Protein chains: 2
Amino acid sequence: MSKTKRLVKIAPDDSGSKARIFRAASAEFAARGFAGGHVDRIAAAAGVNKAMIYYHFKSKAALYREILREMFEAVAARLDEMSARQRTPDGKIRAFVEAIAHEAEARPHFPPIWFREIAEGGAHLDPATIATVAGIVRRLAVIVRDGVAAGRFKPVDPLLVHGGIVAPVLLYYATAGLRKRIAKAGVTGADRFASRDVIAHVQRVALTTLHGRM
Amino acid sequence: MSKTKRLVKIAPDDSGSKARIFRAASAEFAARGFAGGHVDRIAAAAGVNKAMIYYHFKSKAALYREILREMFEAVAARLDEMSARQRTPDGKIRAFVEAIAHEAEARPHFPPIWFREIAEGGAHLDPATIATVAGIVRRLAVIVRDGVAAGRFKPVDPLLVHGGIVAPVLLYYATAGLRKRIAKAGVTGADRFASRDVIAHVQRVALTTLHGRM
DNA sequence: GTCTATAAATAGATAGAC
DNA sequence: GTCTATCTATTTATAGAC
């Protein structure tokens with residue numbers, strides 16, 4: 001009998017009350033942040049009574065931490081999946097970009113919540129989730145290191161490569177709402193440019209950087 | 001006698017109560033967001049009574065909007081200053097990157113607040129401030145367009161260039177706190193890499209992109 | 001597992017004295 | 001301009017019935 005906490009594992013099609021709360025909370029926190037998100041609204045959106053939230057989760061903070069944990073574990077898992085299918089350093093970099101982008105598409109709450117956590121210095125991230133986040137960065141560092149060892153990449157600080165990939169990709173998805181308003185304010189086309197163009201661009205930039213053609 | 005609202009203009013060394021409130025509120029909202037920021041704490045940090053906030057500002061929301069407005073106008077102004085000193089398209093791109101970075105250094109609340117507003121779809125941005133934000137993007141678009149006209153740049157979507165510049169630079173400054181924790185979790189050097197390296201890297205990447213060497 | 005009702009704690013905002 | 005005191009609304013959280 002282990003004392004290990006039972007961790008939430010929410011299947012995408014799970015229609016139970018816990019899964020509905022989890023999904024409603026993800027959307028609520030993404031749109032309004034942790035402090036701005038209200039349990040009342042989460043309950044209403046999930047179609048349950050407010051007390052149900054406290055039946056399934058210890059507190060609003062615990063619910064939010066679960067969302068963060070699940071989110072980053074999913075990113076790490078997808079990263080491993082997509083990277084494992086690639087043989088070349090170039091392929092692994094492309095896969096890294098796509099993994100981030102696909103995860104952002106599959107979980108629309110991911111980019112906004114991640115931006116908010118960054119702004120807050122990771123205040124809500126528990127140590128285990130910090131380790132998961134560090135693992136994501138380290139995965140890219142390993143790809144870069146292996147590429148350098150194979151003579152394919154120039155040695156570039158992995159954190160610069162990481163920032164050049166993750167920041168623009170997340171920005172693209174997180175600004176979906178804002179770009180519409182900016183388009184109306186006279187920036188033509190801000191609301192309509194495709195994710196595949198962004199992904200392709202970021203991939204090319206990352207590889208150019210690593211190939212040392214700068 | 002104009003009916004135009006008197007806008008806040010806070011000098012960096014202003015020690016009046018309004019300026020102290022303004023600065024305390026900037027830090028509070030940067031650290032905790034609009035909903036998470038409390039007027040009580042702002043008053044305490046500013047060394048004034050809570051009622052003083054309402055003497056100077058209409059509401060918490062109005063105070064926050066003023067901060068957003070002042071922040072983006074400052075960025076736009078610095079962009080114009082630094083761009084005006086440059087003659088070549090390359091120089092103007094470099095100046096754009098530096099303007100964003102210098103502004104982020106001068107106003108530490110800028111990157112976190114901007115990330116939060118993005119996450120929130122710009123919910124707190126009034127139309128005038130949206131126009132200012134759009135103007136920032138448009139300034140870069142003009143630099144790119146002029147560079148293309150001068151035969152120096154390949155035609156790249158200005159929004160891709162914008163994302164490739166603003167996102168990594170803001171990410172660098174906004175993650176200062178988080179990078180410390182990630183460094184402890186085993187990503188060596190995450191807490192110590194210099195802003196000048198980030199700026200130089202982003203400048204090089206942006207110019208490589210625009211020169212079409214990809 | 002699910003709901004009603006309510007407790008307990010804050011938070012934003014204001015009235016009014018100095 | 002500045003402060004004390006207070007009002008009102010909201011919000012997290014729980015007790016307890018079904």
Side-chain angles (χ1 to χ4, degrees), chain A residues 5-11 13-68 113 116-117 120 123-124 126, chain B residues 5-11 13-68 113 116-117 120 123-124 126:
Chain A
K5 254 190 309 186
R6 255 266 135 11
L7 297 178
V8 203
K9 190 73 196 176
I10 307 284
D13 58 334
D14 191 335
S15 65
S17 64
K18 185 165 188 175
R20 295 207 312 279
I21 289 168
F22 196 86
R23 279 191 290 266
S26 301
E28 173 75 1
F29 290 135
R32 301 172 191 266
F34 174 69
H38 293 174
V39 276
D40 275 327
R41 265 194 299 258
I42 294 172
V48 299
N49 189 277
K50 191 165 52 165
M52 276 305 289
I53 292 176
Y54 293 95
Y55 173 75
H56 284 300
F57 301 93
K58 191 175 160 293
S59 65
K60 177 185 167 182
L63 167 55
Y64 186 58
R65 276 196 303 273
E66 277 296 288
I67 291 172
L68 290 176
I113 289 183
R116 288 184 198 275
E117 273 315 299
E120 212 137 331
H124 304 277
D126 54 48
Chain B
K5 254 192 307 185
R6 255 266 136 10
L7 296 178
V8 203
K9 189 74 196 177
I10 308 285
D13 58 335
D14 192 334
S15 65
S17 65
K18 186 164 187 176
R20 294 206 313 278
I21 290 169
F22 196 85
R23 278 191 290 265
S26 300
E28 172 76 1
F29 290 135
R32 302 173 191 266
F34 173 70
H38 293 174
V39 276
D40 276 327
R41 265 194 300 259
I42 294 171
V48 299
N49 188 277
K50 191 163 57 164
M52 275 305 287
I53 292 175
Y54 294 95
Y55 173 76
H56 285 301
F57 301 93
K58 190 174 159 292
S59 65
K60 177 184 167 183
L63 167 55
Y64 186 57
R65 276 195 304 271
E66 277 295 288
I67 291 172
L68 291 176
I113 289 184
R116 287 184 199 276
E117 272 315 299
E120 213 137 330
H124 304 278
D126 54 47

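What you see is a predicted model, and the numbers here were worked out from it, not measured in a lab. Throughout, a chain's letter reflects where its sequence line sits, starting with A, and its residues are numbered from 1.
To the nearest 0.5 Å, atom NE2 of residue A/H56 and atom CD of residue A/E66 are 13.0 Å apart. One distance of note links CD of A/E117 with CG of A/L68; it measures 5.0 Å at 0.5 Å rounding. In this structure, CD1 on A/I10 lies 6.5 Å from NZ on A/K18, to the nearest 0.5 angstrom. We find the CG-OG distance between B/L63 and B/S26 to be 7.5 Å, quoted to the nearest 0.5 Å.
Of the candidate nucleotides D/dT2, C/dT2, D/dT11, D/dT11 has the atom lying nearest to any side-chain atom of A/H38.
Atom P of nucleotide D/dC3 and atom CD1 of B/I53 are separated by 11 Å, given to the nearest angstrom. Rounding to whole angstrom units, CE of residue A/M52 and P of D/dC18 are separated by 19 Å. Atom-to-atom, CD1 of B/I42 to P of C/dT10 comes out at 18 Å; the value is rounded to the nearest Å. Rounded to whole Å, atom C1' of D/dT11 lies 15 Å from atom CG of B/D40.
When the options B/F34, B/F57, B/F22 are evaluated for a ring-ring contact (aromatic ring centres under 6.0 Å, His included) with B/Y64, the one that passes is B/F34.
Contacts between residues 54-64 of chain B and DNA chain C, defined by a heavy-atom separation below 4.0 Å, involve B/Y54, B/S59, B/K60, listed by number.
A donor-acceptor pair under 3.5 Å links the side-chain atoms of A/R23 to the main chain of A/D14, judged by distance alone. With hydrogens and angles ignored, the 3.5 Å screen pairs a side-chain donor or acceptor of B/R116 with a backbone N or O of B/A31.
Electrostatic pairing of B/E28 and B/R32 counts as a salt bridge here, judged by a charged N lying under 4.0 Å from a carboxylate O.
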Would you tabulate the pairs of protein nitrogen or oxygen atoms and nucleotide nitrogen or oxygen atoms of nucleotides 4-8 of chain D closer than 3.5 angstrom?
unit_1: D/dT4; atom_1: OP2; unit_2: B/N49; atom_2: ND2; d: 3.1

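B/G36 comes within 4.0 angstrom of nothing in the nucleic acid, heavy atoms only. Across all strands, B/G16 comes closer than 4.0 Å to no nucleic acid atom at all (heavy-atom distances).
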